[in-house]
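One structure below.
Sequence positions, counted from 1, serve as the residue numbers for this chain. Side chains are part of it too, since the values below use all heavy atoms of this structure and drop only hydrogens, waters and symmetry mates. From a predicted model like this one, the values you see are computed outputs, not experimental measurements.
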Amino acid sequence: MVALINRESGCCVSILLPTHQRSPDSNENAIRFKNAVRDAQEQVDDAESGLQQQLQAIAKLEHDFNFWQHQLTGLAIYVTSDAAWFYRTTSELAANVYVGPDFLIRPLAIRGDSDSTPLTLALSWEHARLFHSDGQTVSEIENDYFPVTMDQLVTERDPEQQLQFNTHSVGNADVAMYHGHGDGEDKIEADRDMYLSRVGERLVKMVYNTNRQILLMATEEVAGHFRSTTNVEIQSVVHMSPDGVQDDALNRRIMESSASMHEDTKSGITERLGTAIANQKGAKDISEIVPAASTGRIETLLIGSSDPIYGAYDGQNQKVRKGGDSRADLVNMAVRETLRTRGTVVHCGDSLDSPVAAIFRY
């Protein structure tokens, strides 16, 4: 989201939509999109010709059947005069059209697509898969790092050699990784160590410079070897093999465990908030929070269930709002600045007795 914030330029349009994943309900996606784009066009001044052109260009997606058949449960679209960016989300977004000097990124930050939500590494001796859950839905992360198999990470050794090595990057240095030493059990152990080490490296790259917690789902044997082989910090372990488990059962276990971790995190943060406020290192007043966020003082921004930002609409009677200096805009500004300065945004729901609060770094 920091990269998105850095792309803000001139007048910005944010379109947030709940979406359906399956037919026939998915047919509503295009209708909601059409209405939202039309409302955005009405809000944008005619003088913003570049932005109007971008909105006209994305409006053509209304007729892209394949695009609307491959959605998750939310869609966020951000548009400037230069480009448009699309984000599918794993949790539902309240529908909104926002036009202003910046993007409305707060909903993404608190609805499970932020650095505060845990990741689940489902690990066996054969496969490594990574999942994201907001406590309500589960989605598998598929990118250049995951999913991956042992066969992909451990090259078959030359049977004529007793020892092989190859180089791979650790930080800024190339380090020789030895594997396949000996035969039988020695080879199996060496290959497993290499496999787990490389899975760990990929996971570290995924969570670098974030506050992501890691839930490990693996047998006791695999979990023990992973912890002894890597320096990955694991917050919680579910002792079960992810292999051979039906997707529904696997997702349900991940969702339950992630939700429990997230609740523990929220509880701990709200306790920290009370101590921080007592020590004058925290606040609940938005007029104090925004300047602190702008100067990089905020370590953790907490959002409560009393949501001061925008109303939902049903896709037919959208509630639109133009950017201004309202309390809602100030909360969005606090979220943006907290993320931009590498702070964390956490949705605390009913455990927070105010719309917004902050724990300061100093």
Side-chain angles (χ1 to χ4, degrees), residues 1-4 90 109 112-134 138-155 165-180 189-243 250 254 257-258 261-262 264-265 268-269 299-300 338-346 361:
M1 279 182 285
V2 175
L4 179 63
T90 56
D113 292 272
S114 73
D115 291 347
S116 67
T117 54
L119 295 177
T120 298
L121 176 64
L123 183 65
S124 69
W125 289 127
E126 289 79 30
H127 306 94
R129 303 167 67 190
L130 196 63
F131 294 86
H132 165 274
S133 175
D134 59 2
V138 176
S139 60
E140 183 170 4
I141 295 173
E142 299 181 4
N143 55 25
D144 292 340
Y145 299 116
F146 293 97
V148 71
T149 67
M150 184 175 185
D151 289 342
Q152 291 173 314
L153 294 183
V154 181
T155 305
F165 71 90
N166 67 339
T167 60
H168 69 115
S169 178
V170 179
N172 294 321
D174 284 336
V175 179
M177 291 297 293
Y178 294 82
H179 66 98
E189 183 176 353
D191 286 351
R192 284 179 169 179
D193 285 348
M194 170 174 277
Y195 162 65
L196 295 178
S197 175
R198 290 189 165 179
V199 168
E201 290 171 6
R202 289 173 176 236
L203 187 57
V204 167
K205 290 178 180 178
M206 284 283 298
V207 301
Y208 174 73
N209 209 22
T210 74
N211 293 292
R212 281 282 175 87
Q213 292 187 313
I214 304 299
L215 168 68
L216 176 62
M217 178 178 287
T219 64
E220 290 190 32
E221 179 189 22
V222 174
H225 276 76
F226 185 73
R227 280 183 149 166
S228 64
T229 306
T230 72
N231 59 358
V232 177
E233 185 176 351
I234 302 297
Q235 278 71 41
S236 183
V237 180
V238 175
H239 286 133
M240 62 172 282
S241 173
D243 288 354
L250 182 66
I254 291 173
S257 301
S258 296
M261 283 181 65
H262 201 46
D264 290 343
T265 299
I269 288 175
E299 173 194 295
T300 306
T338 297
L339 294 174
R340 187 182 61 81
T341 55
R342 300 299 180 185
T344 300
V345 178
V346 179
R361 293 186 170 109

Looking at every non-hydrogen atom in both residues, tell me the closest pair between D144 and R202 and how far apart they are. O-NH1, 3.4 Å
As an exercise, state the distance from CE of M194 to CE of M150, rounded to the nearest 0.5 Å. 9.5 Å
Closest heavy-atom pair, Y195 versus W125, reported as atoms and distance to 0.1 Å, is CE2-O, 3.6 Å
To the nearest 0.5 Å, atom CG of L119 lies from atom CD1 of I141 at 5.0 Å
Exercise: identify the closest heavy-atom pair between P242 and A218: CD-CA, 4.5 Å
Is there a side chain to side chain contact (heavy atoms under 4.5 Å, CB included) between V237 and E220 once you walk through the steps? CA-CA 9 Å; V237 180; E220 290 190 32; over 6 Å; no
Grab the two heavy atoms, one from D191 and one from V154, that are nearest each other, plus how far apart they are. O-CG2, 3.5 Å
What is the distance from atom CD of E126 to atom OG1 of T149, rounded to the nearest 0.5 Å? 9.5 Å
Donor-acceptor pair, distance only, cut-off 3.5 Å: does the side chain of T229 make one with the backbone of F226? no
Pick out which of E140, H127, Q152 makes a side-chain contact (heavy atoms from CB on, under 4.5 Å) with P147. E140
Between H225 and L196 the two heavy atoms that sit nearest each other are CB-CD1, 3.5 Å
Checking V199 against L121 for the side chain to side chain contact (heavy atoms under 4.5 Å, CB included) test, could you report, in this order, the C-alpha distance in whole Å, the side-chain angles of both residues, the deciding distance, and whether it holds? CA-CA 10 Å; V199 168; L121 176 64; 4.1 Å; yes
Flag if over 12 foreign heavy atoms under 6.0 Å of CD, E233: no
Output the distance between atom CG (D193) and atom CD (E189), rounded to the nearest 0.5 Å. 5.5 Å
Before giving the answer on side chain to side chain contact (heavy atoms under 4.5 Å, CB included), spell out for F146 and M206 the whole-Å C-alpha distance, their side-chain angles and the decisive distance to 0.1 Å. CA-CA 10 Å; F146 293 97; M206 284 283 298; 4.1 Å; yes
From CA spacing to verdict: side chain to side chain contact (heavy atoms under 4.5 Å, CB included), R129, M217: CA-CA 10 Å; R129 303 167 67 190; M217 178 178 287; over 6 Å; no
The reported gap from OG1 in T120 to CG in L250 (rounded to nearest 0.5 angstrom) is 9.0 Å
About how many Å separate CD of Q235 and CG of L216, when rounded to the nearest 0.5 Å? 11.0 Å
L215 versus S257, closest heavy-atom pair with distance: CD2-CB, 3.4 Å
